[in-house]
Number of protein chains: 2
Amino acid sequence: MQSQTAYVILGLLSIEGKQSGYDMRKTIQGSVGYFWGESYGQIYPMLRRLTAEGLIAQSGRGGKGRGGRREYSLTAAGHARLQEWLAVPYRMDPPRDEFLLKLFFGREAGPGVSVRHVREFQEKNRRVLATIEEIGRLGRERNARHPHFRFWMLTLEYGVAQIRAALEWSEEALKVLQQMESECRRGVEKKPRGPAKRRR
Amino acid sequence: MQSQTAYVILGLLSIEGKQSGYDMRKTIQGSVGYFWGESYGQIYPMLRRLTAEGLIAQSGRGGKGRGGRREYSLTAAGHARLQEWLAVPYRMDPPRDEFLLKLFFGREAGPGVSVRHVREFQEKNRRVLATIEEIGRLGRERNARHPHFRFWMLTLEYGVAQIRAALEWSEEALKVLQQMESECRRGVEKKPRGPAKRRR
DNA sequence: ACACACATGTAATTGGTTACATGATTTC
DNA sequence: GAAATCATGTAACCAATTACATGTGTGT
């Protein structure tokens, strides 16, 4: 299927014209960072592969041995390949959410533990929300007339909607869990061996 | 860090008492399936490892060579390990959303392509919503008094909230994209070589 | 001269999917 | 006894992170 990393790179180059591997990582973090990540360990080998396949090419200095900045840009073939990929239905990669997993098994550890997780969840989400909004602010300033702009805004708004929903849910979840916590405490007062809280 | 798969297995056994690898996969699909997946290729090797580490043990028939059902259950050590893991803050695994990626680069292919993706997105989400609601229905019928029940409901409600937000967003997104599509068409009428829509 | 950010790359390892091969049990 | 489904397992492969090693250019 050729790693998705390949297409992030092609896509990025289609927007930015030319970038180095280093640039790409930065750009990714500052634009799609909240829903996509790439590590250098993925990017550099992929740049080689894409060059070998003729989908991208180095602008300017050719080999130049080691060290030094190398910028790449899309070839016609690369551009075609990107468009092909865009037209293919996306596949959902199997979701894995450790937060929900821990919450699901939460009974095993008592509500207090889950309360901590949910609070952490709130904080993380608020931080991500701040990042997204910052990305949006920068984008609007600098790119409002860029032809890609409305597509970017759509992804941004999606992120915002998801996080808002998550935060609203988390308030309700906290209430439920705190309710359970206090039941648990009362239970323990009345009958110390009551609603087993620890030790199966 | 020892694969998360290990903890799904431990967690499952803590709830179900004893299960075979085969059971586990089924159970996972029918409970946490919408936010977690496991393949046999992960489960079986992990069952060996966990047995070797003494965190789970085979109930009943010991070796018995090959073939035949093998049920496992938690050992005291396994139970302790699960609780340890539950208490550790969860880590967010780097998100990767191919749908958003294709939408982000959507300009490259024209709004029509994105419209298709968003429609597909709606359908997928509606299907997942149906599954979640089915899981919820079954859960309420069979487990409403189970001590884990309220934790399960929390994860379920989270899923529902996320999907509802996604669907609401998708309606707005469609409007925007369709607006772009019609602009695009009008543009093309006026100047046939205009906002390149297809064929690089 | 030194520090620091910029920049590229590789090796080791893990995590995971997929496809395949095979055996056991039930049901007709 | 054939078919279906229950059940276990392995091998090949791919994707990805992490830690490490190294080099370059700029400012002080």
Side-chain angles (χ1 to χ4, degrees), chain A residues 1-9 12 16 18-30 33 35-53 56 58-72 85 91-98 101, chain B residues 1-9 12 16 18-30 33 35-53 56 58-72 85 91-98 101:
Chain A
M1 171 250 183
Q2 175 122 238
S3 157
Q4 295 165 315
T5 303
Y7 297 104
V8 187
I9 291 175
L12 227 50
E16 301 288 340
K18 59 171 63 175
Q19 285 207 317
S20 68
Y22 191 82
D23 293 338
M24 289 178 196
R25 179 136 198 261
K26 295 257 143 122
T27 310
I28 288 167
Q29 286 177 336
F35 67 79
W36 203 274
E38 290 295 347
S39 62
Y40 292 131
Q42 277 290 101
I43 291 174
Y44 286 114
M46 186 54 72
L47 288 173
R48 301 213 133 197
R49 270 184 62 187
L50 293 174
T51 307
E53 288 182 56
I56 63 178
Q58 257 176 273
S59 347
R61 86 244 349 244
K64 224 194 167 185
R66 330 190 74 248
R69 180 182 171 84
R70 288 156 189 242
E71 287 186 322
Y72 298 85
W85 173 77
R91 67 169 183 96
M92 290 229 277
D93 32 21
R96 290 198 137 197
D97 190 320
E98 192 176 298
L101 198 61
Chain B
M1 169 251 185
Q2 174 122 242
S3 157
Q4 296 164 315
T5 303
Y7 296 104
V8 186
I9 291 175
L12 228 50
E16 301 288 342
K18 59 171 64 174
Q19 286 207 315
S20 67
Y22 191 82
D23 293 338
M24 289 178 195
R25 182 142 195 255
K26 295 259 142 122
T27 310
I28 288 167
Q29 286 177 337
F35 67 79
W36 203 274
E38 290 294 346
S39 62
Y40 292 130
Q42 278 290 104
I43 291 174
Y44 286 114
M46 186 54 71
L47 288 173
R48 300 212 134 197
R49 271 184 61 187
L50 292 175
T51 307
E53 288 181 57
I56 63 178
Q58 259 177 271
S59 346
R61 83 242 353 243
K64 224 196 167 184
R66 328 189 77 248
R69 180 184 173 82
R70 289 158 189 241
E71 286 186 323
Y72 297 84
W85 173 77
R91 69 171 181 96
M92 290 230 276
D93 34 21
R96 290 197 137 196
D97 190 321
E98 191 177 297
L101 198 61

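As the structure is a computational prediction, the values presented were derived from the model and not from experiment. Order of the sequence lines fixes the chain letters, A, B, ..., with proteins taken first and strands second; residue numbering starts at 1 for each chain. Below, all heavy atoms of this structure are taken into account, side chains as well, without hydrogens, waters or symmetry copies.
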[N] phosphate, OP1 or OP2: any side-chain N/O from [X] under 4.0 angstrom?
| X | N | value |
| --- | --- | --- |
| B:Arg70 | D:dG9 | yes |
| A:Ser3 | D:dA16 | yes |
| A:Lys26 | C:dA7 | no |

Legend entry - Position toward the 5' end of DNA chain D (nearest nucleotide), B:Pro45 or B:Asp23: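 Nearest nucleotide further toward 5': that of B:Asp23.
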Inset, instruction - Let me know, please, whether B:Ser20 or A:Ser39 comes out on the 5' side of the other along DNA chain D by nearest nucleotide. - result: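 Final value for this comparison: B:Ser20.
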Rounding to an integer number of Å, can you tell me how far [X] [atom1] sits from [N] [atom2]?
| X | N | atom1 | atom2 | answer |
| --- | --- | --- | --- | --- |
| B:Gln42 | C:dT18 | CD | P | 11 Å |
| A:Glu98 | C:dG15 | CD | P | 12 Å |
| B:Asp93 | C:dG16 | CG | C1' | 13 Å |
| B:Tyr44 | C:dT18 | OH | C1' | 16 Å |
| A:Tyr40 | D:dT17 | OH | P | 13 Å |
| A:Arg91 | D:dC14 | CZ | P | 14 Å |
| A:Met24 | C:dG9 | CE | C1' | 15 Å |
| B:Trp36 | C:dG15 | CH2 | P | 12 Å |

Inset, instruction - Classify the nucleic acid contact of B:Gly41 as base, sugar-phosphate or nothing, counting any heavy atom under 4.0 Å across all strands shown. - result: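 Base, at least one base heavy atom under 4.0 Å.
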Inset, instruction - Using a heavy-atom cut-off of under 4.0 Å over every strand shown, decide if A:Arg96 touches base, sugar-phosphate, or nothing. - result: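 Sugar-phosphate: the residue A:Arg96, judged by heavy atoms under 4.0 Å, touches backbone atoms but no base.
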Legend entry - Backbone N/O of A:Ser20 and side chain of A:Arg70: donor-acceptor pair under 3.5 Å: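 Not a single qualifying donor-acceptor pair exists.
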Inset, instruction - Check whether the side chains of B:Glu16 and B:Thr27 place a donor and an acceptor atom closer than 3.5 Å, and report yes or no. - result: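 Short answer, no.
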Legend entry - Modelled atom types, side-chain donor and acceptor of B:Glu38 and B:Thr5, under 3.5 Å: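 Result is yes, a qualifying pair exists.
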Legend entry - Side-chain heavy-atom pair A:Gln42, A:Gln4 within 4.5 angstrom cut-off: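 They are not in side-chain contact.
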Inset, instruction - Among D:dA7, C:dC6, C:dG16, find the nucleotide with the atom closest to the side chain of A:Tyr22. - result: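 Closest nucleotide among those given: C:dC6.
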Inset, instruction - Return the minimal non-hydrogen interatomic distance between B:Tyr44 and B:Tyr22, and the atom names on each side. - result: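 Heavy atoms only, the tightest pair is OH-N, 3.4 Å.
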